Amino acid sequence: MASIKHQENTIEATKTAKPKPPSMYRVVLLNDDFTPMEFVVDVLERFFNKNREQATQIMLQVHTEGSGVCGIYPHGIAETKVSQVLAYANEHQHPLQCAMQEV
Ligand code: TYC
């Protein structure tokens with residue numbers, strides 16, 4: 001009886017729960033002393049669809065403030081962007097760091 005009651009409750013909860021919109025994540029770049037500025041601009045153009053002017057502005061924000069926002073995405077897309085940036089930086093032997101933060 002307890003298990004049947006539990007199942008009823010589960011079905012009722014499923015019916016009444018409001019669907020939550022997916023959580024969104026900021027993808028950020030972090031400053032370091034070694035990655036060339038031009039490489040960071042390339043990353044922002046290549047993976048975040050920024051034009052040269054937008055990419056340069058974000059790169060300078062990271063350089064002067066320590067971090068900067070590349071974009072805000074659903075979880076899976078944010079994860080993919082972070083992986084792509086880290087792989088690309090590693091290939092080019094730059095220590096550039098990239099992270100995601102729930103908004
Ligand atoms: N600080 C780096 C330099 O002076 C440039 C840089 C900018 C590095 C942004 C990382 O995310 C970064 N070459």
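Quick caveat: nothing in here was measured; it's all calculated off a predicted structure. The first residue of the sequence shown is numbered 1, and numbering continues consecutively from there. All ligand and atom numbering here is 1-based and tracks the order in the structure.
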Is Pro95 close to Thr35 at the side-chain level, that is, under 4.5 Å between some pair of heavy atoms?
yes
So do Val85 and Phe48 actually touch side chain to side chain, heavy atoms under 4.5 Å?
yes
To atom 7 (C) of ligand 1, the nearest of Leu29, Val43, Asn31 on a heavy-atom basis is Asn31
Under 4.0 Å from any heavy atom of Met37, which atoms of ligand 1 are there?
5 (C)
Could you find the nearest protein heavy atom to atom 4 (O) of ligand 1 and give me its residue, atom name and distance?
His63 CE1, 3.1 Å
Have a look at ligand 1 and work out which part of Leu30, if any, has a heavy atom under 4.0 Å from it: side chain, backbone, both or neither.
backbone
Contact between Gln97 and Asp32 at the side-chain level, heavy atoms closer than 4.5 Å - yes or no?
no
Who's the nearest protein heavy-atom neighbour of atom 9 (C) of ligand 1, and how far?
Val62 CG1, 3.5 Å
Please check if the number of heavy atoms outside Gln54 that lie under 6.0 Å from its CD is greater than 12.
yes
Do Val103 and Val27 belong to the same hydrophobic cluster, where Ile, Leu, Val, Met, Phe, Trp and Tyr are linked whenever their side-chain heavy atoms lie under 4.5 Å apart, directly or via other members?
no
Given Ile58, Leu96, Thr64, Thr35, which one has a non-hydrogen atom that is nearest to atom 5 (C) of ligand 1?
Thr35
Looking only at distances, can you tell me whether any N or O atom of Asp32, backbone or side chain, sits closer than 3.5 Å to an N or O atom of ligand 1?
yes
Glu38 side chain near Met59 side chain, heavy-atom distance below 4.5 Å:
no
